Amino acid sequence: SPKYAIPVGAVTVTPQAGIQFKNKEYNDTDSLMTKVGVDVAGLVSNTTFSVLYESGNLIAEPKAVIGTLNFKTKISF
């Protein structure tokens with residue numbers, strides 16, 4: 001099972017989070033991006049539901065890139 005899996009009754013919740021910062025000292029531009037999500041297993045047999053937010057560059061000039069919100073369903077046989 002995943003390292004950060006949290007059992008909640010018959011359901012297992014697995015959080016995901018990450019931040020990436022790039023400094024223009026070492027890259028073309030400064031950038032700040034984030035990824036936050038959760039996997040939920042056990043609501044339906046052999047099925048995992050996922051929600052993941054992935055930002056674009058949050059400090060981009062002249063305007064930041066908001067990013068995407070992704071939904072996924074994985075069915076195992």
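It should be emphasised that the depicted structure is a prediction, and the values quoted were computed from it without experimental measurement.
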Between [atom1] of [X] and [atom2] of [Y], what distance do you get to the nearest 0.5 Å?
| X | Y | atom1 | atom2 | answer |
| --- | --- | --- | --- | --- |
| L43 | T12 | CG | OG1 | 9.5 Å |
| S50 | Q16 | OG | CD | 6.5 Å |
| I59 | K22 | CD1 | NZ | 11.5 Å |

Give a yes or no on whether the backbone of G18 and the side-chain of T34 come within a donor-acceptor separation of less than 3.5 Å.
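At least one qualifying donor-acceptor pair exists.
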Look at the side chain of N57 and the backbone N and O of D30, then say whether any donor-acceptor pair between them is shorter than 3.5 Å.
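Flag set: sc N57 to bb D30 pair under 3.5 Å.
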Can you name the closest pair of heavy atoms from S55 and M33 and give their distance?
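Between these two residues, the closest heavy atoms are OG-CA, 3.3 Å.
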Work out which heavy atom in P15 is nearest to a heavy atom in Y4; give both atom names and the distance.
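Here P15 and Y4 meet closest at CD-O, 3.4 Å.
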So do the side chains of V38 and V13 get within less than 4.5 Å of each other, counting heavy atoms only?
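The answer is yes; the side chains approach within 4.5 Å.
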Please determine whether residues V65 and L32 belong to a single hydrophobic cluster, defined as Ile, Leu, Val, Met, Phe, Trp and Tyr linked transitively by side-chain heavy-atom distances below 4.5 Å.
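In one cluster: no.
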Taking a hydrophobic cluster as the set of Ile, Leu, Val, Met, Phe, Trp and Tyr residues connected by side-chain heavy atoms closer than 4.5 Å, whether directly or through intermediates, do I66 and V36 fall within one such cluster?
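No, I66 does not connect to V36 through the hydrophobic network.
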Checking side chain to side chain contact (heavy atoms under 4.5 Å, CB included) for the pair I6/T14: CA distance, chi angles, key distance, verdict?
CA-CA 6 Å; I6 303 165; T14 307; over 6 Å; no
Show me, pair by pair, the donor-acceptor contacts under 3.5 angstrom made by side chains of residues 70-77, not counting sequence neighbours?
| from | atom 1 | to | atom 2 | distance (Å) |
| --- | --- | --- | --- | --- |
| N70 | ND2 | E54 | OE1 | 3.4 |
| N70 | ND2 | T68 | OG1 | 3.2 |

